Amino acid sequence: MNQEDIKNEIIVRFPPSPTGRLHIGNIRSLLFNYFYARKNNGKIVMRFEDTDRERSKEEFEEFALETLDELGIDFDKGPFKQSKRNEFYIDAIETLLEKGVAFEGEESKDGSGDKVIRIKNPNKKIKFTDAVRGEIEIDTTDFGDFVIARSKTNPLYHLTVVVDDIDMGITDVIRGEDHITSTPRQIILIEALGGKIPNYAHLPLIVGEDKKKLGKRHGAVTWDEFKKMGYLAEGVINYLALLGWNPGDDREFFTKEELIKEFSLEKINNSPAVFDYKKLDSINRMHMQKLSDEIYRSRVFDFISEELKKEISGESEKFDLIIQKIIRERIDKFGDITELEKLGEFNYFFKKPEIEKEKLLFKDSTFKKTTEILKEIKTKLDEIEENNFTAENLKEKLWDWTGEIGRGYALHPLRFGLSGLQRSPDPFTIAEILGKDETLERLENLITLCEEKTEI
Ligand code: GLU
């Protein structure tokens, strides 16, 4: 960056084409622009590049604005729409023709009888410094005198981008690497129009684990889809920031404010960024853990079924314990709750489970032995006062003794007997959530069940 740039305000842009739903590739570019601008007290201009009239749709613009809003990313100017700025492009075409740096070419193929406008290619080597890839030099001769408008009133993409970038005072163009081939053409146009060449940073491609460009088949691609899966905006922002950028050490958890503070173009790397759901999950989980109990609870309620909500009503203290002891421990995104619920991970807290008697037996155990053990457990647990009935205390009470008799012989029937599930949290946690009365009642029922038939 030279002295002049330091004096000037940084102005970046976020210019999606509303021809589809804003996807995480767009959002990552947006975020890098956002961090860069906010860090340097600069400005962000939002504009919709809707030059492709047929494919551009208002609903995609709305979708993009909603995404930004939900992610809490604001901009300072716009949103502009290129379709509403045609006069600027027409002016530019006129200027270029007058200057003799553009000329009318052959008749347009659209059957209008209009002549296309071509730029006179200076046929030279164009050099620019990319903040990510370093010095880049491209010989423009291969592009020929490329078309910049279908007619004097119908500009094409590169021209609209350049006119807008100049008009909006863009100082830094931070965009996906797939646009790197546009850069020399755009520089030719900026020079022809007498504009100032911005700084460039082309961000590495985001790829799936198969190293192919990220797309639908890799999973979710829009914020909306991530939201439905129960990811937090903070988690997704944090994760996307790490796709191609790193803080220079191994820190991974960042709030948006921290990202603004830490971000620098120098720390963007130029190898493809692999989208890794495991990493996303672990980062999202860290952000979930920062949520207050109240917010966490309300998010949980967004993801549980109406049926479960009914069961919970009147048992809210118990459900709060379930959130704290089970849900908070086991999920990475709120959508995981649906899976836990399907596995029956919550029902047994509210309704005594049906117990298949034979499954109570651990390895070579017998009903007689199991009955005795359950009785002993019951006696021991009864000694713990109701307000001390915590997983920790329960464990302390049973741990040494179960060690002596072989843990599985006691802990398996206790755990399975309380939950009715082959896989469930540890029995101490379950018992704490159930509370003393309910735990002892279930133990008593198990003892009765084992005593009903003791022929083994
Ligand atoms: N409209 C382009 C896109 O959505 C933006 C390219 C640019 O940043 O210059 O990919």
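The model shown is predicted, which means the values in this text are computed figures rather than measured ones. Just follow the structure's listing: the first ligand is 1, and inside any ligand the first atom is 1. Worth knowing before you read on, the calculation uses all heavy atoms, side chains too, and leaves out hydrogens, waters and symmetry mates.
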Enquirer: How are the rings of H158 and F146 set to each other: parallel, tilted or perpendicular (split at 30° and 60°)?
Expert: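 Correct class here is perpendicular.
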
Enquirer: Cation-pi check, K261 to F254: give yes when NZ or CZ is under 6.0 Å from the six-membered ring centre and within 45° of the ring axis, no otherwise.
Expert: no

Enquirer: In a check of salt bridge (charged side-chain N to carboxylate O under 4.0 Å, His left out) between R328 and each of D320, D336, D293, which one passes?
Expert: D293

Enquirer: For the residue pair Y200 and H202, categorise the inter-ring angle as parallel (less than 30°), tilted (30 to 60°) or perpendicular (more than 60°).
Expert: parallel

Enquirer: Using the six-membered ring of F35, assess whether NZ or CZ of R38 lies under 6.0 Å from its centre and within 45 degrees of the ring axis.
Expert: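 Negative - R38 is either too far from the ring of F35 or too far off its axis.
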
Enquirer: Nearest heavy-atom pair of F303 and G335: which atoms, and what distance?
Expert: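 For F303 and G335, the tightest heavy-atom pair comes out as CD2-CA, 3.7 Å.
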
Enquirer: Kindly print each ligand 1 N/O atom paired with any protein N/O atom under 3.5 angstrom away, one pair per line, or none if nothing qualifies.
Expert:
{"unit_1": "ligand 1", "atom_1": "1 (N)", "unit_2": "P15", "atom_2": "O", "d": "2.8"}
{"unit_1": "ligand 1", "atom_1": "1 (N)", "unit_2": "S17", "atom_2": "OG", "d": "2.8"}
{"unit_1": "ligand 1", "atom_1": "1 (N)", "unit_2": "E49", "atom_2": "OE1", "d": "2.6"}
{"unit_1": "ligand 1", "atom_1": "4 (O)", "unit_2": "S17", "atom_2": "N", "d": "3.1"}
{"unit_1": "ligand 1", "atom_1": "4 (O)", "unit_2": "S17", "atom_2": "OG", "d": "3.4"}
{"unit_1": "ligand 1", "atom_1": "8 (O)", "unit_2": "R13", "atom_2": "NH1", "d": "2.9"}
{"unit_1": "ligand 1", "atom_1": "9 (O)", "unit_2": "R13", "atom_2": "NH1", "d": "3.4"}
{"unit_1": "ligand 1", "atom_1": "9 (O)", "unit_2": "R13", "atom_2": "NH2", "d": "2.8"}
{"unit_1": "ligand 1", "atom_1": "9 (O)", "unit_2": "R175", "atom_2": "NH1", "d": "2.7"}
{"unit_1": "ligand 1", "atom_1": "10 (O)", "unit_2": "H179", "atom_2": "NE2", "d": "2.9"}

